[in-house]
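So you know, we letter chains A, B, ... as the sequences are listed, proteins then strands, and number each from 1.
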Amino acid sequence: AAGVIQSPRHLIKEKRETATLKCYPIPRHDTVYWYQQGPGQDPQFLISFYEKMQSDKGSIPDRFSAQQFSDYHSELNMSSLELGDSALYFCASSPRAVMNTEAFFGQGTRLTVV
Amino acid sequence: GNSVTQMEGPVTLSEEAFLTINCTYTATGYPSLFWYVQYPGEGLQLLLKATKADDKGSNKGFEATYRKETTSFHLEKGSVQVSDSAVYFCALSLPGNQFYFGTGTSLTVIP
């Protein structure tokens, strides 16, 4: 079965650089979530999109922005990277119209800022 | 607000021991409750879920019962294996809303 695809799997950037993370949800899933997981930490909700519109906003820094495109894939853009941005970034998708469904997670993108 | 409080780890058990990981929640409304598992270097995988009070979710020998009266969703397994070593996250979701995760509990099972 198709799963949530994230790219790249690993990314190394220098401080003050920019990074773009991509997420391809499961077909027919209209909701995408982004989470940040620091070393040894629980996933922290960043932002979500439903039908290409921002749905909820969590602890996403102003330096980050995200959007969902017409094909439902989503991109997380990160600028002026800081050492503290080093983390595992997860994307998840779900079909909002299906009640009580779980979110399906991708394998994550490991970002290292040096 | 909505939140999940999870038993802190790390937890170390011998193989075949009984496992309980406590999870309690606060929610405005009627949430669905989930346990996710994260194996080293991998993403979060759904372990089990329950969508209404008194539902019992079960998978791979793990069980959790949705207790509305105590706002709890404790994870249990009667006999753990080395392959169960992972980080376990309790989570809730509300219709049309984001997921809320607990802090995660690291489990190590030793032979």
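- Heavy-atom distances place the side chain of B/Leu46, and not its backbone, under 4.5 Å from chain A.
- Hydrophobic clustering (side-chain heavy atoms under 4.5 Å, transitive across Ile, Leu, Val, Met, Phe, Trp, Tyr) keeps B/Tyr88 apart from B/Ile110.
- Note that CG of B/Leu47 and CD of A/Glu102 are 11.5 Å apart. Values are rounded to the nearest 0.5 Å.
- Criterion: ILVMFWY side-chain heavy atoms under 4.5 Å apart, direct or through other members. Under it, A/Val32 and A/Tyr35 are not part of a common hydrophobic cluster.
- When the candidates B/Val87, B/Thr103, B/Leu44 are compared by the number of heavy-atom contacts under 4.5 Å with chain A, B/Leu44 comes out ahead.
- For B/Phe89, the part lying near chain A is the side chain, with the backbone staying farther off; criterion is any non-hydrogen pair under 4.5 Å.
- Using a 4.5 Å cut-off between side-chain heavy atoms of Ile, Leu, Val, Met, Phe, Trp and Tyr, with links allowed through other members, A/Leu76 and A/Leu111 fall into the same hydrophobic cluster.
- Residues satisfying the salt bridge (Lys or Arg N to Asp or Glu O under 4.0 Å) criterion with A/Asp42, sequence neighbours excluded, are absent altogether.
- The heavy-atom pair separating A/Phe90 from B/Gln38 by the smallest distance is CZ-NE2, 3.3 Å.
- In this structure, A/Phe45 and B/Tyr100 have side chains that are not in contact, with every pair of non-hydrogen atoms separated by 4.5 Å or more.
- Enclosure of atom NZ in A/Lys13 by more than 12 non-hydrogen atoms of other residues, nucleotides or ligands within 6.0 angstrom is indicated.
- The number of heavy atoms from other shown groups lying within 6.0 Å of CD (B/Glu16) does not exceed 12.
- Side-chain atoms of B/Tyr36 do not come within 3.5 Å of backbone N or O of A/Phe105 as any donor-acceptor pair.
- Ranked by heavy-atom pairs under 4.5 Å with chain B, the list A/Gln107, A/Gln6, A/Arg110 is led by A/Gln107.
- Under the 4.5 Å side-chain heavy-atom criterion for ILVMFWY residues, no single connected hydrophobic cluster contains both A/Trp34 and A/Phe104.
- Residue contact with chain A, scored on non-hydrogen atoms closer than 4.5 Å, is absent for B/Gln45.
- Atom CD1 of A/Ile12 is surrounded by 12 or fewer heavy atoms from other residues, nucleotides or ligands within 6.0 Å.
- Other residues, nucleotides and ligands contribute more than 12 heavy atoms inside 6.0 Å of the NZ atom of A/Lys52.
- For residues 59-69 of chain A, heavy-atom neighbours of chain B at less than 4.5 Å comprise no residues at all.
- With a 6.0 Å radius and a threshold of 12 heavy atoms from other residues, nucleotides or ligands, B/Gln81 has its CD atom above the threshold.
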